[in-house]
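Written out below as structure tokens is the structure these notes cover.
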Amino acid sequence: MAQNGKTKLINKAHYLLGCRFDNWVRLLWQNRFRIAPGKIPMALFITLTSLLTFPIALLEKLIFDRKIRRSAPEKDPVFIIGHWRSGTTYLQNILSRDPQFGWCDPVSTTTFSISKLLRKPLTRIESGALKTARPMDNMEYKVDLPIEDTFALATISPDSIIHMIAFPHRYKSYLPGAFVSDLSPARQEKWKKTYSYIINKLTWFYGGKQLLLKSPDNTAHMTQLLELYPNAKFVNIHRDPYTTVMSTIHMFKKQMEIIRLSPLPEGDLDIILEDTIVYIFKRMYTELFELEASLGKNMITVSYADLSARPIECAEMIYSGLELPGYEEALPHVKAYVDSQKNYVKNRFTINPRLRDKINSELGFYFKHYGYEMETEN
């Protein structure tokens, strides 16, 4: 398939280009160095980039490690949770306009280990690489907009679900990157230490500001987040499950086309993605609903439909419900971003009967919990 300019540009911005060299070697070892023939140039480029930047990563850790470890947040973070494609990005973009928050900017995240010493050149490089819209939708990527914290984790740990996109032939082995409770006790502790180090570094970088974080897989490891940050606040956003699942399948397929390094899994990719995403969706919300009552006033829930129709009112409700200060000061910034997105065009999908039946069979509890109407025929 011929690649257009957008795809070529994003290929140059592979998320593993910021991977720390020791973690890159670990990922290659886990996957038995199995790289698809057409992906060898990118794998070599990642190897070269990570090797050349490794001394800088070690120097950055040597210089700043003590300060980072002493920079635990005074206020536990605000986490935006929800399945992929449920509106988490739009919601975080709105709330992140409030200058009281810190968040995962692309430089601090995708090049986590070298983000302090090389910030200026990395900002110039990423400003150019991120100008194009995301491959799965029309949302913008910019260095002054937040992205998922899972990308920071992916650069220094093998336990991130995003790795299933780069190494799809072993996709099942990366599911514990979301469901951390599936890891061994030792790896769970390692995951928590790694994640808390990321939070500390961001807190230090943003001068102690409260962090506003978003990564859909956070919805699947709420227990671990609460162990680390018992006073954290959560904004839960939900969306019609048919659209959410179809859009997630579309996203995963698009990303696999662009950033996978290994061969695709054996079998029908559509069915594999359908089954995997429905499984993640079901388990994610089963576990979330079990925790929901215990979160009390530390969680507020909004629907994507309401956010799309009334973003300013939703933002005010979130500040009020979570007792966050500074809404009046944030309002002009929030309005400016909302106004800038008025011409955004959403993707539209048509569901096939096979997928509709899977969703109806497995996710009935989600329909009931949020009041969505189940379809029985096209």
Side-chain angles (χ1 to χ4, degrees), residues 71-82 86-109 119 123 127 130 134 137-149 151-152 198-216 218-219 225 229-239 295-344 346:
S71 296
E74 292 185 8
K75 288 185 177 181
D76 285 353
V78 177
F79 292 98
I80 294 172
I81 59 172
S86 61
T88 56
T89 296
Y90 183 47
L91 179 55
Q92 188 185 27
N93 286 354
I94 290 173
L95 298 181
S96 70
R97 300 306 85 191
D98 184 344
Q100 74 172 305
F101 292 122
W103 29 266
C104 283
D105 64 276
V107 174
S108 298
T109 308
R119 176 158 293 270
T123 299
S127 292
L130 297 175
R134 302 193 300 181
D137 59 22
N138 301 305
M139 291 291 288
E140 58 186 346
Y141 266 152
K142 294 171 64 177
V143 291
D144 63 346
L145 287 173
I147 64 173
E148 288 91 339
D149 51 71
F151 287 108
I198 292 169
I199 300 306
N200 283 15
K201 188 171 183 178
L202 286 168
T203 301
W204 168 68
F205 178 76
Y206 279 100
K209 288 183 177 182
Q210 185 175 24
L211 297 181
L212 173 73
L213 302 171
K214 181 271 295 189
S215 199
N218 281 341
T219 318
L225 294 180
Y229 308 107
N231 296 312
K233 296 180 184 292
F234 298 90
V235 186
N236 173 37
I237 184 167
H238 60 86
R239 189 180 188 183
L295 293 172
K297 292 184 178 180
N298 280 344
M299 187 173 87
I300 189 166
T301 297
V302 298
S303 73
Y304 178 75
D306 287 341
L307 181 68
S308 297
R310 298 177 293 279
I312 302 300
E313 290 87 341
C314 281
E316 183 176 13
M317 181 184 72
I318 290 167
Y319 276 77
S320 175
L322 294 180
E323 298 180 345
L324 297 172
Y327 176 73
E328 293 301 325
E329 292 80 2
L331 185 57
H333 305 285
V334 169
K335 282 184 174 179
Y337 178 76
V338 169
D339 289 343
S340 75
Q341 300 300 301
K342 286 184 177 178
N343 295 324
Y344 173 71
K346 303 173 188 175

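Quantities reported herein were computed from a predicted structural model and do not represent experimental measurements. For the numbers below, each heavy atom of this structure counts, side chains included, while hydrogens, waters and symmetry mates do not.
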> Out of curiosity, L213 CG to I80 CD1, how far, rounded to the nearest 0.5 Å?
Replying inline: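 L213 atom CG to I80 atom CD1 measures 8.5 Å (nearest 0.5 Å).
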> Which distance, rounded to the nearest 0.5 Å, do you find between the OG1 of T301 and the CG of N236?
Replying inline: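 These two atoms lie 4.0 Å from each other.
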Expected list for residues 205-212: side-chain donor-acceptor pairs under 3.5 angstrom, two or more places apart:
unit_1 : atom_1 : unit_2 : atom_2 : d
Y206   : OH     : W103   : O      : 3.1
Y206   : OH     : D105   : OD1    : 3.1
K209   : NZ     : P99    : O      : 2.7
Q210   : NE2    : D76    : O      : 2.9

> What residues, two or more places apart in sequence or in another chain, satisfy ring pair (Phe, Tyr, Trp, His ring centres under 6.0 Å) together with Y229?
Replying inline: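 Expected list: none.
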Considering all heavy atoms, the nearest [X]-[Y] contact:
{"X": "V302", "Y": "M317", "value": "CG1-CE, 3.0 Å"}
{"X": "N200", "Y": "P73", "value": "OD1-CD, 3.7 Å"}
{"X": "P216", "Y": "E148", "value": "CD-CG, 3.7 Å"}
{"X": "D149", "Y": "C104", "value": "CB-SG, 3.5 Å"}

> Once the angle between the rings of F234 and F79 is folded into 0 to 90°, is it parallel (under 30°), tilted (30 to 60°) or perpendicular (over 60°)?
Replying inline: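 Taking F79 first and then F234, their aromatic rings lie parallel (interplane angle under 30°).
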> Do the side chains of P106 and T109 get nearer than 4.5 Å, heavy atoms only?
Replying inline: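 Not touching, per the 4.5 Å side-chain cut-off.
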> Does R119 offer a backbone N or O that forms a donor-acceptor pair with the side chain of T123 under 3.5 Å?
Replying inline: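 Yes, the answer is positive, given that a donor and an acceptor are paired below the 3.5 Å cut-off.
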> Backbone N or O of P325 within a donor-acceptor pair of the Q100 side chain at under 3.5 Å?
Replying inline: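 Side chain of Q100 to backbone of P325: a pair is present.
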> Given the rule in the side chain to side chain donor-acceptor pair (under 3.5 Å) test, do Y319 and D98 qualify, once you have shown the distances and angles that lead to the verdict?
Replying inline: CA-CA 11 Å; Y319 276 77; D98 184 344; 2.5 Å; yes
> After noting the C-alpha distance and the side-chain angles of S303 and D306, does the key distance pass the side chain to side chain donor-acceptor pair (under 3.5 Å) rule?
Replying inline: CA-CA 5 Å; S303 73; D306 287 341; 3.2 Å; yes
> Quick one: do the S96 and N93 side chains pair a donor with an acceptor below 3.5 Å?
Replying inline: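 The answer is no; no qualifying pair exists.
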